[in-house]
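First the structure, in the form of structure tokens, and then the observations on it.
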Amino acid sequence: MMDMLVNTFVLPQFLIMFVLSFAKILQAHNAPGAENENDLLLCRQCGHQITAANNLINVPSPLAVSYWNDTILDTPEVLVQLFQNPHGNRFEVIVVDKAGVYNQGQAVYKDTWFPGHTWKIAICPRCGHHMGWTFEAIDDDVDDTGKKKNAFIGLILSHLLHKDYVDSLLIVPKAFKNR
Ligand SMILES: *[C@@H]1O[C@H](CO)[C@@H](O)[C@H](O)[C@H]1NC(C)=O
Ligand SMILES: [Zn+2]
């Protein structure tokens, strides 16, 4: 569906330190739109807040390779869909109706995963890492700011970080300290 390559990336140590300090900041100041830090989905590359659990929606696609329900951020029955692009890359995707992403390039209809919807590449506004795609209904109205009213964002599960994962990271630096 798109040309961007998905690289497996290794967490460098500085990022682990960064995530640790980020987790501390989150404890002090909850981000707007989220009830607490446990509800946040963050960019896996830089820790930027991408969205919150209360923005999760289920939008089934007839083009999913497979799909299942998962519990994400304590929200049960979140629809996870596996999609494949024309290059053979596969992505596990969840859908939200709001996300702090930057949409890149023109809307494209070819190879869309949601019939009737165009897609644009959605990237992290802080680090530029690929987060997913923004889908817009072709026949949808635009609001006052020129945005399509019923747009939704498909986020790549493996490119996100959530609080449980950050907690699991807290174990790593302690091991380093004892050396
Ligand atoms: C997921 O949960 C919803 C809501 O309970 C249900 O309608 C749907 O059939 C479930 N889907 C799968 C794949 O289990
Ligand atoms: Zn980022």
Side-chain angles (χ1 to χ4, degrees), residues 2-34 37-84 89-105 113-115 119-135 151-170 172-173:
M2 29 66 74
D3 290 314
M4 192 172 291
L5 288 177
V6 179
N7 299 319
T8 322
F9 93 98
V10 181
L11 271 180
Q13 205 175 332
F14 76 83
L15 178 59
I16 293 172
M17 297 317 289
F18 178 81
V19 169
L20 282 176
S21 50
F22 186 74
K24 287 214 182 79
I25 293 165
L26 280 180
Q27 277 162 14
H29 308 281
N30 293 340
E37 73 272 18
N38 298 310
D39 295 337
L40 298 177
L41 284 166
L42 316 175
C43 168
R44 190 163 200 144
Q45 181 117 307
C46 77
H48 185 71
Q49 183 194 337
I50 298 298
T51 193
N54 54 359
N55 297 323
L56 286 164
I57 55 170
N58 289 351
V59 185
S61 161
L63 300 176
V65 176
S66 64
Y67 56 92
W68 56 92
N69 283 332
D70 206 346
T71 298
I72 293 173
L73 300 174
D74 296 329
T75 307
E77 293 177 344
V78 175
L79 179 66
V80 181
Q81 297 180 88
L82 179 69
F83 291 109
Q84 181 166 322
N89 300 115
R90 289 186 162 201
F91 306 91
E92 288 182 9
V93 173
I94 55 171
V95 175
V96 289
D97 57 4
K98 254 182 279 161
V101 290
Y102 175 75
N103 295 322
Q104 218 177 27
W113 290 326
F114 291 91
W119 57 272
K120 287 176 190 165
I121 287 178
I123 63 172
C124 170
R126 185 190 282 165
C127 74
H129 197 54
H130 180 210
M131 291 292 107
W133 306 266
T134 295
F135 295 92
F152 56 87
I153 305 99
L155 296 171
I156 304 165
L157 211 42
S158 64
H159 292 200
L160 298 167
L161 190 70
H162 50 83
K163 185 63 173 33
D164 297 342
Y165 183 79
V166 174
D167 284 345
S168 75
L169 279 182
L170 295 178
V172 178

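What's counted below: heavy atoms across the whole structure, side chains too, no hydrogens, waters or symmetry copies. Keep in mind it's a predicted model, so treat the numbers as computed, not measured. Atoms within each ligand, like the ligands themselves, are counted from 1 in listed order.
- L82 is listed as a side-chain neighbour of R90, based on a closest heavy-atom distance under 4.5 Å.
- Ring centers of F135 and F152: under 6.0 Å apart, within the cut-off.
- Among the candidates L73, I94, N69, the single residue satisfying the side chain to side chain contact (heavy atoms under 4.5 Å, CB included) test with V78 is I94.
- Judged by distance alone, the side chain of E92 and the main-chain N or O of S158 form no donor-acceptor pair under 3.5 Å.
- Comparing L79, N69, N58 by heavy-atom distance to atom 10 (C) of ligand 1, the nearest is N69.
- Proximity of atom 7 (O) of ligand 1 to the protein is not indicated, since no non-hydrogen protein atom lies closer than 4.0 angstrom.
- With 2.8 Å as the limit, H129 does not count as an N, O or S neighbour of the Zn ion (ligand 2).
- Between W133 and F114, a ring centre-to-centre spacing not shorter than 6.0 Å is recorded.
- Within the 4.0 Å cut-off (strictly below), a protein heavy atom is located near atom 14 (O) of ligand 1.
- The contact set between ligand 1 and Y67, taken as ligand atoms under 4.0 Å from a residue heavy atom, comprises 13 (C).
- Listed by number with element, the atoms of ligand 1 under 4.0 Å from a non-hydrogen atom of E77 are 2 (O), 4 (C), 5 (O).
- Rounding to 10 degrees gives 100° for the angle at the Zn ion (ligand 2) between SG of C124 and SG of C46.
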